[in-house]
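These notes are about the structure you will find just below.
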2 protein chains.
Amino acid sequence: MSSMNKPNKPITIKEIARKLRISPSTVSRALNDHPSIGLVTTMRVKKLAEELNYEPNQTAIFFKQRKTFTLGVILPKLSEPFFASAISAIEEVAGEKKFTVLLGQSLDNPERELNIINSFRTHRVDGILMSLGKNTTNLDFIERLRKYEIPIVFFDCVPEGVDDVPKVYCDLSTGIQEAVQAFAERGHKQIALINGPETLKASGERTLSFKKALLDNGLNFDDKYVVYSDLTEESNYQAMEKLRDLADRPSAILAFNDYVTFDIIRYAKEKGIYLGHDIQVISFANYSLWKYMDNPPLASIEQYPAEQGAKAASILLELLDNKDSEEIIQDHIFASKLVYQ
Amino acid sequence: MSSMNKPNKPITIKEIARKLRISPSTVSRALNDHPSIGLVTTMRVKKLAEELNYEPNQTAIFFKQRKTFTLGVILPKLSEPFFASAISAIEEVAGEKKFTVLLGQSLDNPERELNIINSFRTHRVDGILMSLGKNTTNLDFIERLRKYEIPIVFFDCVPEGVDDVPKVYCDLSTGIQEAVQAFAERGHKQIALINGPETLKASGERTLSFKKALLDNGLNFDDKYVVYSDLTEESNYQAMEKLRDLADRPSAILAFNDYVTFDIIRYAKEKGIYLGHDIQVISFANYSLWKYMDNPPLASIEQYPAEQGAKAASILLELLDNKDSEEIIQDHIFASKLVYQ
DNA sequence: TTGTAGGCGTTATCAT
DNA sequence: ATGATAACGCCTACAA
């Protein structure tokens, strides 16, 4: 190894050209396997490039080609297992197509969301994948991105009332149907739903699916058995209290997510309720390591975060490949599914 | 809203200049608040820029300035809660300094690691944060990155025997010390360690710390009580079997991580061992939701992934700010700590 | 088959 | 206080 370690300006096409006494364009073409360049020249160029450890300057190429081979991903929180596995899948799919992933977490803060989008725009990402935060109401940025011709694909938490943008999400009704059926088959008559915040449209849909599922399984639907929680521990406890106060206590609970179930478990412990016996629970999965628990829920409703992420990513990539594929602009819906641990 | 939506070429400095009949350089300077530009001109420029929705073309700026305001982060797996919370913190720290984060997961595959590094290099990231995969032995890339003048900061799983590169990691010995002490105070004499693969240097260090901790607490150290596992379920079970086969069975176990503890829990369940009574467990934390479990471990050894990530990120940012800060090139060590759930 | 020249958008240097 | 010019590294008509 030589001791002469110069500051080492990166090798450029020009230098290769100079050393070879040919023109930079020839080098460029040779490097890109342009058919019009002679085989010998091509070889000579490639050999020298190899020797000199030539690396194309992507920033120059990005600049010139107006393309960055970069996808921006915006999601509420990376440390949520649900999103961690989504982004993990996204990164893999993108990587296969030589795209890299730029990251931004909104922390459910609409302002942060906009900042991230701006930052992505200035970074000239080729496209954006996004799962909306819970508090996002203003969707103007979609229109703005369209002006900039930056395609966006939503997944998981997708916008309502916007139908000219691709969306990937999970249809909860199938899972709810299966869950209620599972309860019904086990003889449960009073089934409760601990839902998310009442203000969220998604919560309303959940309730509807729940109602339908009950009726489909020959059970009655009663408002009382649907309680709303803002997903804090207190709120979850209050929800449980409400259910306990009912004259006819439910023997089965469908919980908004695994965190809610965790609180149910604690609550049950404190009150001496025997979970899985006095009360059975099914929750929408987002954390599941149930197989290690003593009184796990009966089952979980799987929402396929990795699959959603992967699908969204490949839709976006396809969109970038083929700008005009209007057919892609539609909903891609995964059926949620009841899974036993 | 007008119906005239042209393809909408992005506005450039040149156009603003043309419309204002001034030179592009003046526009550039005005936009950047250069002191030599008159106040009126500056205002006029900014006003028009605003009106036209001018957005500087970052790819051009990146290209020109040889800086991308991008950090590359390489870690084994994003969906590991440990790394998810690390990257989450990294993104926040980077964001504060207007840096974005480029993502790559190695899946513990050295080849993937190198590909990601290459990809980062072509993307001209300003610096790299990395947690090594378990199987990485060849560290030549460090030297290569140095040639390219791309600084790298390691965190969590850091390279051995490379001392001219910043490293952030957690000193396990403090946590081990506290754990053993906690066991000792509860009267345990036979304490076992379920360690990681015997081939890993880190495993050796763990054993050493464990030994020291035992001696410091007036207990004997005996090889028999250290068993190695490759962290598969079978291997964890075998480790437990080995411990059960001992004449003098351990009453306390220090487990490599929470996954191992999960397997211990299952094993105990199967064998009718009452966890927390017949045997007490402490594990290195990486998944903890123990407060919801019935027989949780006595405590966990916290390794502060978020803090490690944040620290590594700010070191890297400082390094980028101030190329010559040699003092930064040293180990930044967090003390692991025993925490009760 | 290869070379020349111009341009991508921005900024820095030198002039005016 | 402002303008002209060149340069960053690469690509691509167009010319030869």
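Reminder, nothing fancy here: chain letters follow the sequence lines and each chain counts from 1.
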Yes or no on side-chain contact (heavy atoms from CB on, under 4.5 Å) for B/Glu113 and B/Thr136, after CA distance, side-chain angles and deciding distance? CA-CA 9 Å; B/Glu113 265 174 349; B/Thr136 308; 2.6 Å; yes

Treat primed atoms plus P, OP1 and OP2 as sugar-phosphate and everything else as base, then score nucleotides 1-10 of chain D 5' to 3': B for base contact with protein heavy atoms under 4.0 Å, S for sugar-phosphate contact only, - for none. BBBBB-BBBB

Establish, yes or no, whether a centroid distance under 6.0 Å links the rings of B/Tyr169 and B/His332. no

Residues which pass salt bridge (charged side-chain N to carboxylate O under 4.0 Å, His left out) with A/Asp33, listed by chain and number, not counting sequence neighbours: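 If we apply the salt bridge (charged side-chain N to carboxylate O under 4.0 Å, His left out) test to A/Asp33, skipping adjacent residues, the hits are A/Lys46.
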
Could you list the donor-acceptor pairs under 3.5 angstrom formed by side chains in residues 63-70 of chain A, with sequence neighbours left out?
| unit_1 | atom_1 | unit_2 | atom_2 | d |
| --- | --- | --- | --- | --- |
| A/Thr68 | OG1 | A/Arg124 | O | 2.7 |
| A/Thr68 | OG1 | A/Asp126 | OD1 | 3.3 |
| A/Thr70 | OG1 | A/Thr68 | O | 2.9 |

So, are A/Glu91 and B/Arg112 salt-bridged, with charged N and O less than 4.0 Å apart? yes

Just the rounded figure in Å: distance from P of C/dT10 to NZ of B/Lys67.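 Rounded to whole Å, this separation is 19 Å.
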
